[in-house]
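To keep things clear, I will list the structure first and then write my remarks on it.
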Amino acid sequence: MIEAGERYLVVRLTALGDILHTLPAVAALRAAHKNARIDWVVERKWAPVLEGSPAISEVIPFDRASFFGALTCVRRLRRKNYTCAIDFQGLYKSSVLAMLSDAPRRIGFERGWAREGGASLFYTERVAPMGCHVAELNYSLAEKAGATRPARPEYPLRVPAGGAASVRGRLADRGIGDYIVVGPGGSWRAKCWPAERYGVFCREFDKRHGLGAVVIYGPGEESLAEEVSRAAHPAVPIVMATTIEELMGLLAHARCVVAADSGPLHLAAALGTRVVGLYGPTDPARNGPFAPGAVIVSEARPEEISYKRRASYSPAILRITVEQVLDAADSCLKASA
């Protein structure tokens with residue numbers, strides 16, 4: 001049963017880490033409006049992450065690359081008669097999409113807080129958020145819509161059964177039982193730890209624990225994953241590309257996940273898996289895993305915090321040693337034992 005007049009549209013199109021940092025705010029919105037309709041419009045490639053979530057009534061895919069796909073999405077939104085749209089992204093494209101939904105009430109960040117300041121022109125209510133972490137800032141928007149900020153974040157996700165079964169079968173074919181996951185990729189190199197060091201980590205971790213590693217990679221990152229595998233010799237980590245559904249199953253059942261500031265790191269944390277986050281130029285207080293038990297390894301100095309998409313390794317990330325990461329992963333295994 002839907003409460004009369006309560007129809008919320010959540011706008012957060014991309015990227016994976018940011019989608020996951022929005023989810024606790026949407027869970028808080030659901031807790032405040034148990035019988036309301038709460039739909040989420042998101043880029044199609046990320047829709048499987050949100051499918052089946054008990055916090056969401058319907059996941060609406062948005063095809064950014066297709067004019068007709070985008071137009072179809074807008075028409076679909078307008079038929080829903082939303083009373084409130086909440087733009088968690090703060091870009092022109094997301095704020096315009098909220099406006100085109102025809103929701104009379106549109107909530108977003110104030111100009112100084114929106115990623116593109118002019119996006120705030122398309123809101124009817126603007127919020128100066130409170131908090132340090134991105135997820136805390138998102139809570140502020142949900143609070144404007146009547147939610148209460150919880151003591152602990154909630155991630156109402158469901159691992160797709162088909163994806164979990166598929167990846168379990170792929171691992172069984174390779175004789176893999178317990179495993180850890182290593183994610184060497186990232187959207188820009190300055191955030192990434194060198195592949196050679198990941199490989200040494202895999203080799204030494206295998207020596208310590210007899211536990212194999214699965215090295216994951218995204219589009220265009222296969223050579224990076226292969227470099228990790230070569231550097232791990234004589235250990236033989238499994239190099240694996242997955243669908244997003246398989247990735248959820250793989251991360252959910254790993255003993256530990258080691259990665260830099262990236263979507264897989266945040267997805268693993270949201271699924272309740274122990275994680276080791278390697279942080280260089282980005283601030284873990286703002287962009288770290290927003291979940292209890294996450295271990296952060298960072299050697300960055302305050303003046304080195306930067307969100308510029310540089311194409312070379314940052315000095316801060318290069319200060320992180322293999323020994324530090326081994327010790328952090330050891331602590332994760334002990335905590336999950």
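The 12-atom threshold is exceeded at CZ of R208, counting heavy atoms of other residues, nucleotides or ligands nearer than 6.0 Å. Around atom NE2 of H253, no more than 12 heavy atoms belonging to other residues, nucleotides or ligands sit under 6.0 Å away. Applying the 6.0 Å contact sphere to CZ of R319 captures more than 12 heavy atoms from other residues, nucleotides or ligands. For E304, the CD atom is densely surrounded, since the number of other residues' heavy atoms within 6.0 Å is greater than 12.
In the hydrophobic cluster analysis, where Ile, Leu, Val, Met, Phe, Trp and Tyr join through side-chain heavy atoms closer than 4.5 angstrom, L23 is grouped together with I86. Hydrophobic clustering (side-chain heavy atoms under 4.5 Å, transitive across Ile, Leu, Val, Met, Phe, Trp, Tyr) groups I317 together with F201. By the rule that hydrophobic residues join a cluster once side-chain heavy atoms approach within less than 4.5 Å of another member, V322 and V258 end up as members of one cluster. Tracing side-chain contacts under 4.5 Å through hydrophobic residues (I, L, V, M, F, W, Y), one never reaches I320 starting from Y279; they form parts of separate clusters. Linking Ile, Leu, Val, Met, Phe, Trp and Tyr whenever their side-chain heavy atoms come within less than 4.5 Å leaves V41 and L91 in two separate clusters.
Side-chain contact, D261 with T282: a donor N or O sits under 3.5 Å from an acceptor N or O. A donor-acceptor pair shorter than 3.5 Å cannot be found between the side chains of E110 and S120. Side-chain polar atoms of N138 and H133 form no donor-acceptor pair below 3.5 angstrom. A donor-acceptor contact closer than 3.5 angstrom is absent between the side chains of S101 and R79. D87 and S94 are linked by a side-chain donor-acceptor pair at a separation below 3.5 angstrom, with hydrogens and angles left out of the test.
No cation-pi contact links R44 to F62, judged by a cut-off of 6.0 Å to the six-membered ring centre and 45° from its axis.
With salt bridges taken as basic N to acidic carboxylate O contacts below 4.0 Å, one links E143 and R149. Ion pairing of R111 with E116 is absent here, as no side-chain N (NZ or NE/NH1/NH2) approaches a carboxylate O to less than 4.0 Å. Look at R12 and D18 and you find a salt bridge, because one of the NZ, NE, NH1 or NH2 atoms lies within 4.0 Å of a carboxylate O, short of that distance. A salt bridge links R170 with E246: at least one charged nitrogen is closer than 4.0 Å to a carboxylate oxygen. A salt bridge links K207 with E204: the distance from a Lys NZ or Arg NE/NH1/NH2 to an Asp or Glu carboxylate oxygen falls below 4.0 Å. The residues R158 and E51 are annotated as not salt-bridged, no charged nitrogen and carboxylate oxygen being separated by less than 4.0 angstrom. The residues K80 and E58 are annotated as salt-bridged, a charged nitrogen and a carboxylate oxygen being separated by less than 4.0 angstrom.
A donor-acceptor pair is defined here as one N or O able to donate and one able to accept, closer than 3.5 Å; such a pair exists between the side chain of S95 and the backbone of Y92. Judged purely by atom type and a 3.5 angstrom limit, E125 has no side-chain atom pairing as donor or acceptor with the backbone of K144. Here the side chain of S166 pairs no donor or acceptor atom with the backbone of A164 at under 3.5 angstrom. Checked by atom type and distance alone, the side chain of T273 never pairs as donor or acceptor with a backbone atom of C256 at under 3.5 Å. Without hydrogens or angle criteria, R105 side chain to Y82 main chain gives no donor-acceptor distance under 3.5 Å. For S314 (side chain) and A190 (main-chain N/O), a donor-acceptor pair under 3.5 Å exists by modelled atom type. Here the side chain of R106 pairs no donor or acceptor atom with the backbone of Y123 at under 3.5 angstrom. In this structure, the side chain of S53 does not engage the main chain of L50 through any donor-acceptor pair within 3.5 Å. Checked by atom type and distance alone, the side chain of W188 never pairs as donor or acceptor with a backbone atom of A311 at under 3.5 Å. Between the side chain of E136 and the backbone N or O of C132, at least one donor-acceptor pair lies under 3.5 Å.
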Task: Stepwise side-chain contact (heavy atoms from CB on, under 4.5 Å) test for V215 and E226 - done: CA-CA 9 Å; V215 183; E226 294 290 354; over 6 Å; no
Open item on the list: Assess the residue pair I38 and L29 against the criterion (side-chain contact (heavy atoms from CB on, under 4.5 Å)); give the C-alpha distance rounded to whole Å, side-chain angles, the decisive distance to 0.1 Å, and a yes or no.
Closed with: CA-CA 8 Å; I38 301 176; L29 188 67; 4.0 Å; yes
Open item on the list: Determine whether L333 and L211 satisfy the following criterion, side-chain contact (heavy atoms from CB on, under 4.5 Å), listing intermediate values before the conclusion.
Closed with: CA-CA 11 Å; L333 284 195; L211 201 58; 4.2 Å; yes
- [ ] Would you please test R37 and T83 for side chain to side chain donor-acceptor pair (under 3.5 Å) and show each step?
- [x] CA-CA 10 Å; R37 182 177 194 91; T83 56; over 6 Å; no
Task: Pair V325-T321, side-chain contact (heavy atoms from CB on, under 4.5 Å): steps then yes or no - done: CA-CA 7 Å; V325 181; T321 67; over 6 Å; no
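Evaluated for a ring-ring contact (aromatic ring centres under 6.0 Å, His included) with Y198, the options F205, W193, Y217 yield exactly one hit, W193.
Taken from CG in L318 to SG in C192, the straight-line distance is 11.0 Å, to the nearest 0.5 Å. If you take CG on L247 and OG1 on T242, they are separated by 4.0 Å, rounding to the nearest 0.5 Å. The CG atom of N287 sits 3.5 Å away from the OH atom of Y307 when rounded to the nearest 0.5 Å. To the nearest 0.5 angstrom, L250 atom CG is 10.0 Å from T243 atom OG1. A distance of 9.5 Å separates OG in S298 from CG in L278, rounded to the nearest 0.5 Å. Put simply, CZ on R7 and SG on C84 are 13.5 Å apart, with the number rounded to the nearest 0.5 Å.
Residues Y8 and H33 bring their aromatic ring centres within 6.0 Å.
In terms of heavy-atom proximity, D206 sits nearest to G212 at OD1-N, 4.4 Å.
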